[in-house]
There are 2 protein chains.
Amino acid sequence: MKSSSVEQLILDLYAQHSTEEAHFTAQEVYHHIKPRLPSVNQSTIYRALERMTRAGKVSVSDMGLGAAVYEAVGNEHHHHLVCQECGRVQTIKDESVGRLFRQIERENNFEVLTNHLVLFGRCHACRSKSDPD
Amino acid sequence: MKSSSVEQLILDLYAQHSTEEAHFTAQEVYHHIKPRLPSVNQSTIYRALERMTRAGKVSVSDMGLGAAVYEAVGNEHHHHLVCQECGRVQTIKDESVGRLFRQIERENNFEVLTNHLVLFGRCHACRSKSDPD
DNA sequence: CTGAATGCAAAGACTTTGCATCAGC
DNA sequence: GCTGATGCAAAGTCTTTGCATTCAG
């Protein structure tokens, strides 16, 4: 099936950014697309993102921003560490995560579809600042 | 520091449920507390939950309900598998998750504070139904 | 022609906030 | 009296939805 023009623009947006850093809220996607397609409406963005999520083209997750973030689904899975104090986001590539998911699938008879793990905590800088162990 | 009466009622609510199943949205907490403390206001619940989260008494996570869910922080960490098709929630206790978190902490110099992992996917029943591998 | 995608406007849901009041120390 | 907690009402965001229109096959 051919993608709608909006879907293509969304994919272009992701293509313009490094895979690991490209995670946008629906609102951010909207503000990026709007200048390229001035007639576009917010609801169209929400509907396109939902369609693409169902189709496995993008994944959605909660990074603690009060809004869902979407990113393109690529071959390389990666995960994020979000600092609750300074908001810094670190990207980690960790095969261990995939291994754990496979193990959980086996042990629980459950197909894990989450492919983007977001963990919250405190980054090194914030730990050094407030609580020098 | 002494807890406010609202905090105590919230803790009571969690005490009344098995630790593993007690995850409520702020709205659900409100509707549980309201009959016990009719004067209570929604904003008080939100403020109490935020305070308790900061104090490490409850943890917050996104279970795909469109609202944050809060649960009491206990000694035993547990995690949830949420079926995207039927909504079923499975609880898993998995030391592997804790081990992975510790490993991520070491490798990334980051203190992981997330202690409740939520993974989305398809449960056994839904897999059998729609896609008998 | 028919189903999917879109625009538009409105509504819905969750959450936050400013301000006044109240309670505890 | 001061600080934190609460009530109240309003606003702010994010997101969904109903309906009419347009687009593609």
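Naming: A, B, ... by sequence-line order, numbering from 1 per chain.
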Salt-bridge present (A/E50, A/R54; N to O < 4.0 Å): yes
Testing the basics here: between A/V6 and A/A48, what is the closest heavy-atom pair and its distance to 0.1 Å? CG1-CB, 3.8 Å
Note: contacts of residues 32-45 of chain A with DNA chain D (heavy atom, under 4.0 Å) are A/Q42, A/S43
B/K57 bridged to B/E7 by N-O distance under 4.0 Å: yes
With the 4.5 Å side-chain cut-off for hydrophobic clustering, are B/V69 and A/F120 part of the same group? no
Main chain of B/R122, side chain of A/E111: is a donor-acceptor contact present, judged purely on distance under 3.5 Å? no
B/H77 and B/H116 aromatic centres sub-6.0 Å: no
Could you spell out the base pairing of DNA chain C as a dot-bracket line? Use Watson-Crick and G-U wobble contacts where both distances are under 3.5 Å, [ ] for crossing pairs, | for partners on a different strand. |||||||||||||||||||||||||
Give a yes/no on whether any side-chain N or O of B/Y46 is located under 4.0 angstrom from OP1 or OP2 of C/dT15. yes
Side-chain N,O (B/R47) to OP1/OP2 (D/dC8) below 4.0 Å: no
Expressed in angstrom and rounded to an integer, what is the separation of A/L65 atom CG from C/dC14 atom C1'? 16 Å
Between OH of A/Y70 and P of D/dC14 the distance, given in whole Å, is 12 Å
What is the distance from CE of A/M52 to C1' of C/dA4, rounded to the nearest Å? 16 Å
CZ of B/R47 to CD of B/Q42, rounded to nearest 0.5 Å, is 11.5 Å
A/R51 has an atom CZ; how far is it from atom P of C/dA4, in whole Å? 11 Å
Can we call the ring centroids of A/Y14 and A/F24 under 6.0 Å apart? yes
Which heavy atom of B/C83 sits nearest a heavy atom of B/C123, and at what distance? SG-N, 3.4 Å
Measure from CD on B/Q27 to C1' on C/dG12 and round the result to the nearest Å. 12 Å
Measure CD/B/E28 against C1'/C/dA13 and give the value in whole Å, please. 14 Å
Could you state the atom-to-atom distance from OH of A/Y30 to C1' of C/dG7 in whole Å? 10 Å
Send over the distance from B/Q8 CD to D/dA5 P, rounded to a whole Å. 15 Å
Using a 4.0 Å heavy-atom cut-off, does B/A68 contact any base of the nucleic acid, only the sugar-phosphate backbone, or nothing at all? sugar-phosphate
